[in-house]
2 protein chains.
Amino acid sequence: MIERHHLTLIREVDRQGSLTAAADTLCLSQSALSHTVRRLEEQMGTPVWRREGRRLIPTQAGRYLLSLAERLLPQLAHAEDVIEQIARGQRGTLRIGMECHPCYQWLLKVVDPYLAIWPGVDVDVRQRFQFGGLGALLGHEIDVLVTPDPVRRPGLCYEPVFDYEQVLVVSNDHRLAQRDWVTPRDVAEETLITYPVAMERLDVYSQFLMPAQRLPRRHKTIETTDIMLQMVAAGRGVAALPRWLVNEYADRMAIAPLSLGSTGIQKQIYLGVRERDAEVDYLKGFLALCKSGGTQ
Amino acid sequence: MIERHHLTLIREVDRQGSLTAAADTLCLSQSALSHTVRRLEEQMGTPVWRREGRRLIPTQAGRYLLSLAERLLPQLAHAEDVIEQIARGQRGTLRIGMECHPCYQWLLKVVDPYLAIWPGVDVDVRQRFQFGGLGALLGHEIDVLVTPDPVRRPGLCYEPVFDYEQVLVVSNDHRLAQRDWVTPRDVAEETLITYPVAMERLDVYSQFLMPAQRLPRRHKTIETTDIMLQMVAAGRGVAALPRWLVNEYADRMAIAPLSLGSTGIQKQIYLGVRERDAEVDYLKGFLALCKSGGTQ
DNA sequence: ATAAATCATGAAAAAATGTCATGGAGTCGT
DNA sequence: ACGACTCCATGACATTTTTTCATGATTTAT
């Protein structure tokens, strides 16, 4: 077995030019190195150096091991740096899980300043979970769950970080465009465009259409927000999105937001974390940043 | 210090899901693993796993080490394969040294099939040596010396691999072109073109002109065989080359080979190797291929 | 030729790694 | 809810590995 120690040794002998000098640098006796080298050579079945007089000249195998050492040892050294930083709580990977598309739009605005404040922390955003976002959080697949739907579980805690209203988006010259709010019956005559996710996870359905026992005339799914809104602007359908998101597009596109029902659908985005992670500083930092609004 | 052993262990625990199972796979006692883990964690200052009930859940550090393990361990495993092949003489770099230009032409025909038979072996051809080809061989600068001049030394052995006749090449419409062989006096009236090497290494001189105390009318040097023969074909001079080499060009160029003297100059190419390398598989393979003629 | 430096080696000491025995704690099935 | 089972932790002890010390053989430099 080629051990790290062997590689260290081989590299040092190459640098110092002799066993004795290398032993010195490594704070070992010359004898120790000699023994170790002999064991390694016996084990591998091939010498690492050819002994020419009292000089050591690398063999095939020696040259190969040397290149291996030059490649792997720095990686190990770096790994130790990283571990040390992790040990001091200054570094890690913040794995954020998301279940809703609007969350993603919001998250984008938060991640940027976060990366600036925590230069030692990487952010990883994941969106597909075998056992759902909750399962991913409990299973340590992610560290934070961004969700509009805080399912309480022992060991977990949620923090609301963002309020928004879910609205209907229609083209500016749509027959409903001048209205302030719409009824389920209004929507039932439209083509509804949504992200491609299960119906129960769409608020228009679960909180608006289903209670009134209505369905849209047609239902299309589109992956991306931009295309979705282009379709809406072209009068090819209506969509349900957060009001703030619609407003961002409104100056570039001929679209208008309408409340769903007279009171509108009020939503919140929550961050869920494991209670045990409460002391992880870069996670706390993320929660704090989110609550403060991210961009301020 | 993160050792290979630690990475192996971490990877196995991840694969098996428990210390006990990993210990089993690694042929160690559960206790041994537990001890090692504790030592590692103490040393790093951070746990690798968080103990949740009796389950082990990787921490930041643990996940990082795991990814490190998945990256480095395969490289080490591969390195061991390579070393084993080197040890068995099935892999390495065959450093071939050459002293004569015709040798090079011949070598090209041998190297190609050799590379096909020994996929693990790289071939490196060297032509300039500070202390001559012999010195390079003795000084382990090269592994094989291709030479027409086998200088015996203790520790070295030579094998003849190729016989050829050194001939004079003249243009088809040269005044000598109809002759079977030429005398030193004939050549003394010509412009002789040779490779740019010391005179004593040119057989036309050492074995033909010098013994007869003749010199050519003029002496030009040219690096490449192609240009040399174009010059000859154009009637701008004569050259001395192996007969087989001239024959290869003869169908494309207006040139003719003539023996040097009534009996011709008979030459052999030898391969010189260090006796100690006799067991190296890929070297033996090279010698065998050369003796068999290479292309058959 | 002599001195200094280098690597190899055997024996012994020191350190590390491993095993055994055991205990506590979570998990599962009834 | 209880017992059987499984899993991890730990201390004492054993084994293995690594290191040192003392020394020798050989090469290089003066």
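Convention: sequence-line order gives letters A, B, ...; per-chain numbering from 1. These numbers come from the heavy atoms of this one structure, side chains and all, not from hydrogens, waters or symmetry mates.
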OP1, OP2 of C:dG26 versus side-chain N and O of B:Arg55: anything below 4.0 Å? no

When you measure from the side chain of B:His35, which nucleotide among D:dG11, C:dC7, D:dA9 comes out closest? D:dG11

Under 4.0 Å, heavy atoms only, any strand: does B:Ser18 hit a base, just the sugar-phosphate, or nothing? sugar-phosphate

When all nucleic acid strands are considered with a 4.0 Å heavy-atom cut-off, which category describes A:Leu33: base, sugar-phosphate, or nothing? nothing

Can you check whether A:Ser34 has a side-chain N or O nearer than 4.0 Å to OP1 or OP2 of C:dA8? yes

Give the rounded distance in Å between these two atoms: CD of B:Glu41 and C1' of D:dC8. 12 Å

Would you indicate, yes or no, if D:dT18 has its OP1 or OP2 atom less than 4.0 angstrom from a side-chain nitrogen or oxygen of A:Arg39? yes

Rounded to the nearest angstrom, tell me the gap between atom CE in A:Met1 and atom P in C:dA16. 19 Å

Side-chain donor-acceptor pair present, B:Gln60, A:Tyr282, cut-off under 3.5 Å: yes

Check: A:Gln30 main-chain N/O paired with A:Ser34 side-chain donor or acceptor under 3.5 Å: no

Could B:Arg95 and B:Asp124 be called an ion pair, given the rule that one side-chain N must be under 4.0 Å from one carboxylate O? no

From CD of A:Glu3 across to P of C:dT17 the rounded distance in Å is 10 Å

With a 3.5 Å distance limit and no angle check, can you tell me whether B:Glu141 reaches the backbone of B:Gly135 through a side-chain donor-acceptor pair? no

Which is more 5' along DNA chain C, the nucleotide nearest B:Gln30 or the one nearest A:Val37? Just name the residue. A:Val37

Nearest whole Å is fine: how far is C:dT17 C1' from B:Leu26 CG? 14 Å

Indicate, yes or no, whether a donor-acceptor pair under 3.5 Å links the base of D:dT6 to the side chain of B:Arg54. yes

So, is B:Ser31 near the phosphate of D:dC8, with a side-chain N or O under 4.0 Å from OP1 or OP2? no

Check the distance between D:dC7's C1' and B:Ile57's CD1 and give it to me in whole angstrom. 14 Å

Identify whether any heavy atom of A:Ser29 sits under 4.0 Å from a base atom; if not, whether one sits that close to sugar-phosphate; answer base, sugar-phosphate or nothing. base

Side-chain N or O of B:Arg38 versus OP1/OP2 of D:dA9: is the shortest distance under 4.0 Å? no

Is a salt bridge present between B:Arg4 and B:Glu80, judged by a nitrogen-to-oxygen distance below 4.0 Å? yes

Just how far, in rounded Å, is C1' of D:dT27 from CD of A:Glu52? 12 Å

Using atom types as modelled and distance alone, determine if a side-chain donor or acceptor of A:Thr147 lies under 3.5 Å from a backbone N or O of A:Asp149. yes

CG of A:Leu28 versus C1' of C:dA14: gap in Å, rounded? 13 Å

Distance check needed: C:dA15 P versus A:His5 NE2, whole Å only. 15 Å

Does A:Thr36 put a side-chain nitrogen or oxygen below 4.0 Å from OP1 or OP2 of D:dT19? yes

Let me know, please, whether A:His6 or B:Thr20 comes out on the 5' side of the other along DNA chain D by nearest nucleotide. B:Thr20

